[in-house]
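Contents: one structure, followed by commentary.
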Amino acid sequence: MVSKIKDYEFQAQCVEYLIDKTVETTSKQVITVKAPTGAGKTVILIKYVDEFLKNTARNTAFVWLCPGKGNLEEQSKERMEELATHLDTRNLMYSMMSGFEAGSVTFINWELVTKKGNTALKDSERSNLFEKISEAHKDGTEFVVIIDEEHLNNTKKADDVISAFAAKNIIRVSATANKVPHQEYYEISEDDVIAAGLITRAIYVNEGVDERKEIVDDYDYLLDLADAKRKEIAAAYDKLEVNVRPLVLIQFPMGQPETIKAVEEKLASMGYTYDNGMVNIWMSDEKIVSDDLTNIDGSPAFLLMKQAISTGWDCPRAKILVKLREGGSEDFQIQTIGRIRRMPEGKHYGTNILDYCYIYTLDTQYKMGLLSSLDKAYQVRRLFLRDEAKSFTLTKEMRDLDFDGLGERETLEKVYDYFKKTYNLGSDKKVNQENLEAGGYNFSHEIDNKILQGIFKTTEDLAHGGSDNQIKIKTAVNTHTHGIYLLHSVDEIKKVTGMQSQKVKNILRRMFSKSKKRKYNFILLENSDFYAFVINNVKKLKMDFKNVTSQMGGKQMSFMIHPKISDFHIPEMEIYKYSEVKNRQLLRMNAYREYTNEFITDKTRSHPERLFERYCEHNDSVEWVYKNGDTGQQYLSIVYTDNLLKQWLFYPDYIVHLKDGTDWIIETKGGEASGHSKNIDMQMGNKFNAFKQYAEKYNLHWGFVRDIDDELYINNTEFVDDMSDDRWKPLSEEL
């Protein structure tokens with residue numbers, strides 16, 4: 001019997017639900033429990049295992065899978081041994097020697113079975129693991145697998161381990177789960193956990209940030225606010241004679257050395273150092289941690305952290321989180337708040353300052369965090385190729401790495417011409433700025449931001465914090481500290497263009513900043529104003545640069561590019577996403593056996609893809625159709641070039657093999673609705689031309705297929721976006 005711990009009604013209700021679902025023979029295999037941090041999920045699971053083994057005659061062994069970071073499997077095992085001493089708890093090595101026996105609970109560190117390196121299982125040990133699982137199955141042992149924070153280990157090796165247990169039920173517990181049709185689902189209300197006094201009554205974001213004040217230095221400003229709040233909380237504890245010392249967590253998303261050093265110097269100027277024990281650091285590559293860090297009266301006042309302690313770490317005196325920006329526009333991951341939401345004594349104190357937790361960040365976006373593929377509305381299934389398609393082969397293209405697009409001057413000319421025509425720019429710098437401003441560009445001298453400010457009861461409230469809770473802040477440009485922000489912005493443009501960062505930066509400087517070379521200059525910005533311009537307008541610049549690359553051109557130099565080629569064969573085994581349907585039907589025309597309408601739902605295929613696959617299924621001339629992958633060396637790829645002659649890979653959607661031996665290669669795109677294009681691919685024209693050249697070279701039938709009112713049309717002559725053009729013909733006339 002589980003003892004030594006207070007019972008909460010919401011925990012008992014969850015345990016009862018898990019018992020009911022794992023005893024039922026008709027329940028779905030996966031049972032997802034969404035439990036907010038602080039709900040006591042370890043205790044809930046221990047109580048569930050104890051109740052199940054005590055009240056059922058099932059021949060069941062439990063496997064408890066934990067994230068490797070923080071040795072959480074050891075902590076969970078020790079917690080079970082503390083609360084339920086009569087249970088048979090084991091580590092993986094013990095069960096690999098003695099077998100997975102009914103009534104046992106085996107705690108497994110994910111990294112042991114999924115990671116390469118010294119901590120991973122050797123091949124022989126891995127084989128032994130699967131043999132022991134097989135032996136247990138032969139003995140009639142059923143498995144229930146508990147997956148703790150599964151989103152951290154969403155890999156093929158992890159999936160292989162889970163699949164090998166062939167569990168009657170898989171119980172997943174996560175703070176970031178979604179409800180999906182193919183799983184049982186139970187949610188512990190955050191309100192219930194708050195009412196129990198286990199977590200703070202609210203989250204206060206950016207208290208004291210003054211939108212009227214220009215921020216000179218992010219780090220200085222936020223750390224001063226956090227330290228003032230820490231002292232205020234400490235005084236409130238002292239007033240109640242509560243022996244708790246509040247801790248400030250300082251989170252670095254990337255952990256860049258220069259950022260960490262700047263914060264260390266700031267803290268030292270405030271009197272907090274590693275030497276006097278007031279500062280600790282916990283990074284993957286550096287760890288200075290006091291013995292009493294997690295004690296409620298521990299001595300450190302600040303802990304510098306990255307993501308290494310996001311799971312498997314419990315320090316309920318942590319009350320304040322400072323999330324620093326290292327790249328200018330990162331998202332705030334909401335699951336991090338769990339580190340500061342626990343109440344140090346498992347109760348509220350009746351005063352807001354102690355019953356709230358506090359966040360200081362200049363991030364603009366808040367996200368619920370990483371979700372595993374199992375949290376989404378589909379599952380995956382392995383399919384095997386039909387014999388008729390095994391000998392099929394085509395030529396696939398890969399990029400010629402010896403050619404890297406246009407040179408910097410030619411690229412600059414194309415970008416310059418685009419801006420000149422799009423925004424009607426000329427030689428008058430004042431008029432140019434007015435025209436760019438009219439086009440949506442921001443010429444503020446400071447870095448502009450909208451940030452969240454206010455009190456939020458739950459993380460859900462925080463995730464949906466609307467415009468009513470936003471304030472505008474301005475940060476003075478510092479070309480030293482904001483150099484990283486500038487590089488981050490340049491990298492954002494690099495991602496959509498494929499250009500080298502330095503080339504992007506040089507082009508921006510030639511067009512928008514003061515320089516000796518004036519030929520391509522639209523605006524003469526001072527250096528600090530240039531920083532502000534790029535950082536404030538990164539989204540707008542990305543779109544404009546993307547428009548430059550998507551313009552159809554570059555034909556005159558296409559002869560210079562010689563794609564590498566190799567043979568393509570349809571993979572003999574493929575993993576496709578699927579979601580449950582009410583009426584399951586086999587699709588006979590697919591290249592893979594057991595391919596059903598479960599693979600062509602709105603959760604796994606686009607609308608034109610679904611229409612096309614159904615069209616092929618009812619076309620008597622089709623022998624089989626293959627859905628190509630979106631990326632990867634095993635799939636059919638074609639090289640295309642953008643307007644800057646940068647090479648990209650394009651993966652056509654379908655290969656269709658007809659009964660007369662004819663082969664068609666098809667790409668589907670969004671069609672038209674109410675006269676408006678649904679296509680979102682800006683490179684469609686460049687892909688069309690490359691596709692046409694490829695098909696002519698290898699004597700293949702081909703076409704782009706799009707939809708209007710659920711009717712499919714094909715074009716394989718000359719590219720035109722407007723589907724009212726005669727070049728878009730009914731698909732039935734061609735295929």
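Residue numbers count from 1 along this sequence. What you are looking at is a predicted structure, and each value in this text was computed from that prediction instead of being measured.
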For the residue pair [Y] / [X], report whether a side-chain donor-acceptor contact shorter than 3.5 Å exists.
X	Y	value
Ser76	Thr42	no
Asn679	Ser677	no
Thr459	Glu190	yes
Glu184	Ser27	no

Might you point out which heavy atoms bring [X] and [Y] nearest each other, and give the distance in Å?
X	Y	result
Gly703	Asn716	CA-CB, 3.9 Å
Tyr651	Gly632	OH-N, 3.3 Å
Tyr626	Ala591	CB-CB, 4.1 Å

Between [X] (side chain only) and [Y] (backbone N and O only), is there a donor and an acceptor less than 3.5 Å apart?
X	Y	result
Ser95	Leu92	no
Tyr640	Gly685	no
Thr393	Phe568	yes
Glu609	Ser606	yes

Pair [X] + [Y], salt bridge at N-O below 4.0 Å:
X	Y	answer
Arg614	Glu617	no
Glu101	Arg90	yes
Lys390	Glu388	no
Lys495	Glu492	yes
Asp707	Lys669	no

Tyr635 and Glu574: side-chain contact (heavy atoms from CB on, under 4.5 Å), yes or no, with the steps?
CA-CA 11 Å; Tyr635 299 121; Glu574 183 59 279; 2.7 Å; yes
Flag the pair [X] / [Y] as yes when their ring centroid distance falls below 6.0 Å, and as no otherwise.
X	Y	result
Phe62	Phe52	yes
Tyr186	Tyr17	yes
Phe143	Phe100	yes

Residues Leu735, Phe612; criterion side-chain contact (heavy atoms from CB on, under 4.5 Å); working and verdict
CA-CA 11 Å; Leu735 176 56; Phe612 182 75; 4.1 Å; yes
Measure the acute angle between the ring planes of [X] and [Y], then classify it against the limits of 30° and 60° as parallel, tilted or perpendicular.
X	Y	result
Tyr578	Phe599	tilted
Phe392	Trp624	perpendicular
Phe650	Phe704	tilted
Tyr698	Tyr694	tilted

Which value, rounded to the nearest 0.5 Å, describes the distance between [X] atom [atom1] and [Y] atom [atom2]?
X	Y	atom1	atom2	answer
Ile565	Lys396	CD1	NZ	12.0 Å
Gln11	Asp192	CD	CG	11.0 Å
Glu734	Ile666	CD	CD1	9.0 Å
Arg399	Gln647	CZ	CD	7.5 Å

List for me each residue that meets side-chain hydrogen bond (donor to acceptor under 3.5 Å, both in side chains) alongside His607, sequence neighbours excluded, and say none if there are none.
Arg610, Asp710
After noting the C-alpha distance and the side-chain angles of Val33 and Leu45, does the key distance pass the side-chain contact (heavy atoms from CB on, under 4.5 Å) rule?
CA-CA 10 Å; Val33 176; Leu45 291 169; over 6 Å; no
Of all pairs that satisfy side-chain hydrogen bond (donor to acceptor under 3.5 Å, both in side chains), the ones with a partner from residues 653-663, not counting sequence neighbours:
Glu613-Tyr654, Asp653-Thr668, His657-Asp663, Asp660-Thr662
Have a look at Glu598 and tell me which of Arg584, Lys577, Gln585 forms a side chain to side chain donor-acceptor pair (under 3.5 Å) with it.
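Per the side chain to side chain donor-acceptor pair (under 3.5 Å) rule, the option paired with Glu598 is Arg584, out of Arg584, Lys577, Gln585.
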So Ile188 and Lys34, side-chain contact (heavy atoms from CB on, under 4.5 Å) or not? Walk me through it.
CA-CA 6 Å; Ile188 295 173; Lys34 183 176 182 180; over 6 Å; no
Compare all side-chain heavy atoms of Thr596 with those of Leu587 and state whether any distance is below 4.5 angstrom.
no
